[in-house]
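Everything on this sheet refers to the single structure shown next.
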Amino acid sequence: MTKQTPLTEQILQRKKKLEVLQEKCGYPYPNDFKPDTSIAEVRNQFEEKDSEELEKSGKKFRVAGRVMAIRIFGKAAFTVIKDATGKIQLFFQKSTLGDEKYTEFKKLLDIGDIIGVEGTLFKTRTGELTINVEIFRILVKALRPLPEKWHGLSDVEVRYRQRYVDLIVNDKVKEIFLTRNRIIKLIRNFLDERGFVEVETPMMHPIPGGARARPFITHHNALDMDLYLRIAPELYLKRLVVGGFERVYELNRNFRNEGISTQHNPEFTMIEFYQAYATFEDLMDLTEEMFTYLLKEIKGTTKITYQGSEIDLTPPWERITLREAIVKYAQIPQEKISEKEYLVSKISKETDVKLSGEESIGELQTIIFEEFVEEKLINPTFVTHFPVEVSPLARRNQKDPTVTDRFELYIYGREIANAFSELNDPADQLERFKKQLEDRERGDEEVPPEIDYDYIRALEYGLPPTAGEGIGIDRLVMLLTDQPSIREVILFPLLRRKKEEEWS
RNA sequence: GGGCCGCUAGCUCAGCUGGUAGAGCAGCAGACUCUUAAUCUGCGGGUCGCAGGUUCGAAUCCUGCGCGGCUCACCA
């Protein structure tokens, strides 16, 4: 015999037990045990009852779950099992189960196995609600040991790569994803109540558009056609507004072929919604309402703590134009706000941004905003009227055509939402697409490689005056669950692939 | 892509200025009928991320590579 690693040794131990099980009861992966209640239900109903009441009822319960702890005392033992709803303690007694079953329990059961039990409730001397097991079956034999019971699993790489183990062992991780689910349901509920229709538009686009980002490229064999995973659903959703869906939303994945960080995952979840006959100002009100609703349901308050910082999300939120913001937070003198030389010199002196020299005033103002202002916007702030050059799909402001009727919502220095009154002038839209194409020719890879003429055609049929908004769901969940990294709110974040030979 | 940090038993971690590796949990054998990190006795378990180099000798020092984390850049 060659030496075994401890892991294979433990797996072999468990496989041996599996074989014994097979001899005793046939195929060891049965699927005929039906629990008649959940652990949470049992707890809710009987947690408050005393031993006497429990004993008197004598009612039997069938529950199933994963074994999380085993404590053996000779002829009796406690275990803890966990199902989707919670944990409960089980009591195994030789005198109740009989020699054979008790030995099976003692010799074949491991932490991590999934069992089904039937028994009556009682309370231990320390008052813990416990099932006195009369019947039990091993439903699934776990061949691999769970991480240590006290420290659990903390290696982040293993937590992300083997999220199933993370979820078994770290209850708080599961909580995050349950909260994520609630947030998503609440958002749907909020919009549904206001007459929005949820739709699903393509995730494979012949022309990427709707945002500024590099796309993933894929290929359809039968049509022999390259396709791009969508970077945003925007242009399709606005086509639907043209088609008469006056209030639509889509809540799903976008894909951007860019860097990975604590704020970025290549595939991420976004909601975009569009409301005809509304303006970006209406959407600021709507956004405040939506967040207030979410906070009330999830947190019970509009004041939260994120990574140690107090954030007050009680509306109304500050509304400030981008130009005002750079005056206020970047100390740009009011009279220099559109002075190219001043802006260029400020950027070159005080930041690492490398300028090409071809930037417009609006682009320079936007750079100043990003470099000096964003990080200071801790409490929720609507920054409005972004320059038209950086807002190719937004409607021009009618008093000042150099800016757009647009806002971005910042919380804790992060962009959480982006919204604008939609550009519905097909001629202006075509001009802006052409401008983008010029940028592309100058090497800007984040701009679509060709003009989406079908979108222009749709505008020519007439897009009602509309406002639309996108909210990054992952970042919102991070905020509401106080998580520092986007990977903590995405079940399976993208990681570099590991070589197969490292499988163990 | 740059910088910094990490990678030691299945898990959580020790391991000093170089002398060929240790604990707890988990596992195995045994004792134990109210524990909840149960306890007690005994035992087994390692390609120290990988590959080179320096050295009489490397988990430890050096170089390269891999994977991960943070961060900067990039990402409106």
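These values consider heavy atoms only, across backbone and side chains, with no hydrogens, waters or symmetry-generated copies. Letters A, B, ... mirror the listed sequences (proteins, then strands); counts begin at 1.
- Counting non-hydrogen atoms under 4.0 angstrom, A:Ala211 reaches a base of the nucleic acid.
- Among A:Tyr455, A:Phe255, A:Tyr236, the one residue that satisfies the ring-ring contact (aromatic ring centres under 6.0 Å, His included) test with A:His205 is A:Tyr236.
- A sub-4.0 Å separation between OP1 or OP2 of B:rC75 and a side-chain N or O of A:Arg475 is absent.
- Both thresholds, 5.5 Å between centres and 30° between ring planes, are not jointly met by A:Phe73 relative to the base of B:rC32, so the two rings are not stacked.
- Checked for salt-bridge contact, A:Asp171 and A:Lys87 meet the test: a charged N lies under 4.0 Å from a carboxylate O.
- Residue A:Arg256 has no polar side-chain atom (N or O) positioned under 4.0 Å from OP1 or OP2 of B:rC75.
- Under 4.0 angstrom from either OP1 or OP2 of B:rA38 there lies at least one side-chain N or O belonging to A:Arg71.
- The separation of B:rG3 from B:rC43, taken at their C1' atoms, amounts to 48 Å, rounded to a whole angstrom.
- Between A:Lys17 and B:rC28, a side-chain N or O to OP1/OP2 separation shorter than 4.0 Å is present.
- When each of B:rG68, B:rU35, B:rA37 is scored by its nearest atom to the side-chain atoms of A:Arg496, the top-ranked nucleotide is B:rG68.
- When ring centroids are compared, A:Phe46 and A:Phe61 come within the 6.0 Å threshold.
- Taking a cutoff of 4.0 Å between a charged side-chain nitrogen and a carboxylate oxygen, A:Lys328 and A:Glu324 do not qualify as a salt bridge.
- Under 4.0 angstrom from either OP1 or OP2 of B:rU35 there lies no side-chain N or O belonging to A:Thr124.
- Of the listed nucleotides (B:rU33, B:rG27, B:rC75), B:rG27 has the atom at the smallest distance from the side chain of A:Gln10.
- Nucleic acid contact class of A:Lys107 (heavy atoms, under 4.0 Å, all strands): sugar-phosphate only.
- For A:Thr262, the side-chain atoms get nearest to B:rU71 when compared with the rest of B:rU71, B:rG44, B:rA26.
- Going from the P atom of B:rC16 to that of B:rA31 covers 41 Å, rounded to whole Å.
- Within 4.0 Å (heavy atoms only), A:Gln13 reaches sugar-phosphate atoms of the nucleic acid but no base atom.
- Among the protein residues, A:Val390 comes within range of the nucleic acid bases, having at least one heavy atom under 4.0 Å from a base atom.
- Checking B:rG27, B:rC67, B:rA37 against every side-chain atom of A:Lys149, the shortest atom distance belongs to B:rA37.
- In this structure, the ring of A:Phe386 has its center no less than 6.0 angstrom from the ring center of A:Phe420.
- Helical stems in RNA chain B, defined as runs of 3 or more consecutive Watson-Crick or G-U wobble pairs with donor-acceptor distances under 3.5 Å: B:1-7 with B:66-72, B:10-13 with B:22-25, B:27-31 with B:39-43, B:49-53 with B:61-65.
- When distances are taken from the side chain of A:Glu148 to each of B:rG10, B:rG68, B:rC28, the shortest belongs to B:rG10.
- A donor-acceptor contact closer than 3.5 angstrom is absent between the side chains of A:Asn418 and A:Glu469.
- Atom pair A:Leu12:CG and B:rG44:P shows a separation of 19 Å (rounding to whole Å applied).
- Of the candidates A:Phe105, A:Phe78, A:Tyr102, A:Phe73, A:Phe105 is the only one forming a ring-ring contact (aromatic ring centres under 6.0 Å, His included) with A:Phe92.
- Nucleotides B:rU8 and B:rG68 are separated by 15 Å at their P atoms, to the nearest Å.
- Within the 4.0 Å cut-off from OP1 or OP2 of B:rG10, not a single side-chain nitrogen or oxygen of A:Arg144 is found.
- Using modelled atom types and a 3.5 Å distance limit, the side chains of A:Tyr410 and A:Glu375 yield no donor-acceptor pair.
- At the heavy-atom level, A:Leu495 lies under 4.0 Å from the strands shown only through sugar-phosphate atoms.
- Contact annotation for A:Asp155: backbone-only contact, meaning every heavy-atom pair under 4.0 Å involves sugar-phosphate atoms and none involves a base.
- Comparing B:rU12, B:rC67, B:rG69 by their closest approach to the side chain of A:Arg161 singles out B:rC67.
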